**Student:** 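Once you've had a glance at the structure underneath, I'll fire off some questions.
Reckoned from all heavy atoms, side chains included, excluding hydrogens, waters and symmetry mates. Every chain is numbered from 1, with letters handed out A, B, ... down the list of sequences. Note that the structure is a prediction, hence the values are computed from the model and not measured.
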Number of protein chains: 2
Amino acid sequence: MASGIEDVARRAGVSKSTASRALSGGGYVSEETRSRVRRAAYEIGYAPSTSAVSLATGRTQNVGVVMPYLNRWFFAEVLEGIQTALLERGLDLTLYDAEPGTDGRRRIFDDFLARKRFDGLIAVGLEPDDHEVERLVAMGRPVVSVVGAGSETSSVAIDDEHAARRATEHLLELGHRRIAFVGGEPDHHWAQVDRSRLRGFHTAMEDAGCADEAIHIRSEVTIPGGYAAAVDALGDSRDRPTAILGTCDEVAIGAIIAARRLGVQVPSQLSVVGIDDHEFAEMFSLTTLRQVPREQGAAAVELLLDHIADPDRPPEQTSLKARMVMRSSTAPPPTHMTAAAADMRRE
Amino acid sequence: MASGIEDVARRAGVSKSTASRALSGGGYVSEETRSRVRRAAYEIGYAPSTSAVSLATGRTQNVGVVMPYLNRWFFAEVLEGIQTALLERGLDLTLYDAEPGTDGRRRIFDDFLARKRFDGLIAVGLEPDDHEVERLVAMGRPVVSVVGAGSETSSVAIDDEHAARRATEHLLELGHRRIAFVGGEPDHHWAQVDRSRLRGFHTAMEDAGCADEAIHIRSEVTIPGGYAAAVDALGDSRDRPTAILGTCDEVAIGAIIAARRLGVQVPSQLSVVGIDDHEFAEMFSLTTLRQVPREQGAAAVELLLDHIADPDRPPEQTSLKARMVMRSSTAPPPTHMTAAAADMRRE
DNA sequence: TTGAAAGCGTTACCAC
DNA sequence: GTGGTAACGCTTTCAA
């Protein structure tokens, strides 16, 4: 049962080397020999030992993936995209769940990466600190990031600032002025993504001349987080915003759930926009800026493979533009309508 | 930079063999030598090549995990539990996303498993068909399942039938009779889990003598699925159920969202119970039967390691009882209250 | 307690 | 085209 290439060779009546060549491509082998070897391999159910192959070739046929969370939409989707792309190419995927601040994360960087179990690494939304970057470099394997900040490695991501700006502009065009950006962890270190999106929000507000109407509400970046933040923010009907931009759909959806709970009508009394096009967006009729994390994962695999094939290839940043998906969570603000109605009466 | 054990040995002034022994446990090494070797290893940042270790020892220090979905709460949580447990033991995790019916799944079973890249495999909610079971066996490595049906492999799971029965009894005790079980994919092959839970539901209904009040509504097992199914089911206020049991929290939560949309009050007009204790359960005040998938993942690792250590160990099924978590999504049915009120008036 | 040498299962270089 | 043989980097007898 423990059939090695030697067994295949014997069965096909050739030498180990010929068998190897016949099976894994390599040099010249006559067509006849090749098919004979193939059949022999098939018959005894031969599968090469990956450890032996790795040792001999220096290639592990395996890609590492590090991400801080597995249970959030974006990350799970990226992971599936990566997995699918790798599977197609016959590559394995070794997963590391590196939640910030955990002991596990420390071990991943200090112990696991050094083992060089993989030919390259994909880092998803990692935001490594200096020490971690150092370990990543010391690893001596190509790294590609999805949602990565730096320019030292190749990366794939949407233009976050642009997406937030577009979303804000949409709200402004509808007549909203008092707009709240919800997102940016209350205590934790902020994600780069949230910073960029907040920046885009502020830029748009400033350009529209209503920087002082801009509100920023901190919120854990999850559906319950957005819910909790919105419950607080919508409590006082006096000075509540007429529109909310969630740093991502999860937060926006949490806000919609909160609004419904509080009896605040969406979109007539409150407009909500998100960024993502989360799997629940449709269900909540959420207008959002769409990104497709699966494709980003697939693109990252592509890039990584290029870097593995040519280690000297310079890093390259891919920046995608998110497209707006109009649904029905936005409308002109109630005050706007009232003003318009007043104008009409006046005429 | 490419520091091998030979470099460590040279630096510590010992032979390769001694260095190996000092580092990876093995036989006798004097304390002094050991610490000298350790220091040398540390200084040059030595990490053993996993391929070489695997080849020499026959152990890959790697565990495979196969699951049909990554983006569902239960699966993501189990995965995190597994990852954490493996990390603590210095083991790597190779992930296979085997969505039913995909080409990727076929390749995983036909090509990837045969490579024996891991010492053992954890199958989460896999429900392999005959061919797949055959491949699993042919792999010749221990397999442990989380939510597994068979008794050929060790497994960890909650008692699904019991959980559904308890949930149904809770509803019955409150006075509900017209109860709907929501779950069981409309088109797909049904998950064993859903079958067992439906069975538990029916048993409880029969025992209570109201089998003919039992309703079964098919639904995709996701939040949007539960939402869609509930929108249909709650449309006609005439013969709608007074209570819903979701096959899992996701479905139950979808139903709550639908009820709110339709203006059906939960719990006064509709009671809802789930099974899981999903991360959103709190936010929706969902009464549910709690399971902790993370712990199941950790337990699976434990079991698998036992099987790897002793391949002859007989399989062992662990069945957990889910505990009820009372929140406020359930109450006596409106008709019940009316009846009670009528009784009071009559007196 | 230590060192030399023989594997582990492949690939890859070199003769033939 | 094909067959020896030396790596690949580590563990593990077996002697010393």
**Student:** Counting only distance, no hydrogens or angles, is the base of D/dG1 paired donor-acceptor with the side chain of A/Arg34 under 3.5 Å?
**Tutor:**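 No, the side chain and the base share no sub-3.5 Å donor-acceptor pair.
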**Student:** NA contact type, A/Ser54, heavy-atom cut-off 4.0 Å: base, sugar-phosphate, or nothing?
**Tutor:** nothing
**Student:** Using whole Å, report how far CZ of B/Arg10 lies from P of C/dG3.
**Tutor:**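 Result: 14 Å.
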**Student:** If I take atom CG from residue B/Leu86 and atom CG from residue A/Leu95, how far apart are they, to the nearest 0.5 angstrom?
**Tutor:** 10.5 Å
**Student:** State the CG-CZ distance between B/Leu304 and B/Phe118, to the nearest 0.5 angstrom.
**Tutor:** 10.5 Å
**Student:** Is the distance from OP1 or OP2 of D/dT2 to the nearest side-chain N or O of A/Ser15 less than 4.0 Å?
**Tutor:**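 No, A/Ser15 has no side-chain N/O under 4.0 Å of OP1/OP2 on D/dT2.
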**Student:** Rounded to whole Å, please give me the gap between CD in A/Glu32 and C1' in D/dT2.
**Tutor:**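 Answer to the nearest Å: 13 Å.
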**Student:** I need the CZ-P distance between B/Arg59 and D/dT11, as an integer number of Å.
**Tutor:** 14 Å
**Student:** Ignoring hydrogens and angles, tell me if any N or O in the side chain of B/Glu185 forms a donor-acceptor pair with the backbone of B/Val221 under 3.5 Å.
**Tutor:** yes
**Student:** Is the Lys NZ or Arg CZ of B/Arg115 less than 6.0 Å from the centre of B/Phe112's six-membered ring, within 45° of the axis?
**Tutor:** yes
**Student:** Classify B/Ser49 by what it touches in the nucleic acid, base, sugar-phosphate, or nothing, heavy-atom distance under 4.0 Å.
**Tutor:**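 If one applies the 4.0 Å heavy-atom cut-off, B/Ser49 turns out to touch the sugar-phosphate alone, with no base involved.
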**Student:** Check this one for me: any side-chain N or O of A/Thr57 less than 4.0 Å away from OP1 or OP2 of C/dT10?
**Tutor:** no
**Student:** The side chain of A/Val29 is closest to which nucleotide in this list: C/dG9, C/dA12, D/dT2?
**Tutor:**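 For A/Val29, the side-chain atoms sit closest to D/dT2.
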**Student:** Mind calculating the distance between CD (A/Glu6) and P (C/dG7) to the nearest angstrom?
**Tutor:** 13 Å
**Student:** For the side chain of B/Thr33, starting at C-beta, report the closest nucleotide among D/dG1, C/dT2, C/dT11.
**Tutor:**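 Closest nucleotide among those given: C/dT2.
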**Student:** Starting the side chain at C-beta, find the nucleotide from D/dG1, D/dT11, D/dG3 nearest to B/Ile5.
**Tutor:** D/dT11
**Student:** Which nucleotide sits closest to the side chain of A/Val14: D/dT11, D/dG3, C/dT10?
**Tutor:**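 Nearest to the side chain of A/Val14 among the choices is D/dG3.
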**Student:** Could you tell me which residues satisfy side-chain hydrogen bond (donor to acceptor under 3.5 Å, both in side chains) with A/Glu43, sequence neighbours excluded, listed by chain and number?
**Tutor:** A/Arg11
**Student:** Between atom CG of A/Asp97 and atom CG of B/Leu93, what is the distance when rounded to the nearest 0.5 Å?
**Tutor:** 9.0 Å
**Student:** From CG of B/Leu23 over to C1' of D/dG9, roughly how many Å is that when rounded to an integer?
**Tutor:**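 Spelled out: CG on B/Leu23 to C1' on D/dG9 is 13 Å.
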**Student:** Are any side-chain N or O atoms of B/Ser24 and backbone N or O atoms of B/Ser20, one a donor and one an acceptor, separated by less than 3.5 Å?
**Tutor:**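 Flag set: sc B/Ser24 to bb B/Ser20 pair under 3.5 Å.
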**Student:** Rounded to whole angstrom units, what separation is found between the CZ atom of B/Arg21 and the P atom of C/dG3?
**Tutor:** 8 Å
**Student:** Rounded to the nearest angstrom, tell me the gap between atom NZ in B/Lys16 and atom C1' in C/dA6.
**Tutor:** 10 Å
**Student:** Could you state the CG-C1' distance from B/Leu55 to C/dT11, rounded to the nearest angstrom?
**Tutor:**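 It works out to 12 Å between those atoms.
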**Student:** Pick the nucleotide of DNA chain C nearest each of B/Ala52 and B/Thr18; which residue has the one closer to the 5' end?
**Tutor:**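 Nearer the 5' end of the strand: B/Thr18.
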**Student:** Would you say C/dG3 has OP1 or OP2 under 4.0 Å from some side-chain N or O of B/Tyr28?
**Tutor:** no
**Student:** Knowing that exactly one of A/Asp110, A/Asp103, A/Asp111 qualifies, which makes a side chain to side chain donor-acceptor pair (under 3.5 Å) with A/Arg107?
**Tutor:**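 Per the side chain to side chain donor-acceptor pair (under 3.5 Å) rule, the option paired with A/Arg107 is A/Asp111, out of A/Asp110, A/Asp103, A/Asp111.
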**Student:** When all nucleic acid strands are considered with a 4.0 Å heavy-atom cut-off, which category describes A/Ser17: base, sugar-phosphate, or nothing?
**Tutor:**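 Base: the residue A/Ser17, judged by heavy atoms under 4.0 Å, touches a nucleobase.
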**Student:** How sharply is the helix from C/dT1-D/dA16 to C/dC16-D/dG1 bent, taking the axes over five pairs at either end and rounding to 10 degrees?
**Tutor:**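 The value is 40°.
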**Student:** Would you kindly compare B/Ala56 and B/Arg36 by the position of their nearest DNA chain C nucleotide and give the one closer to the 5′ end?
**Tutor:** B/Arg36
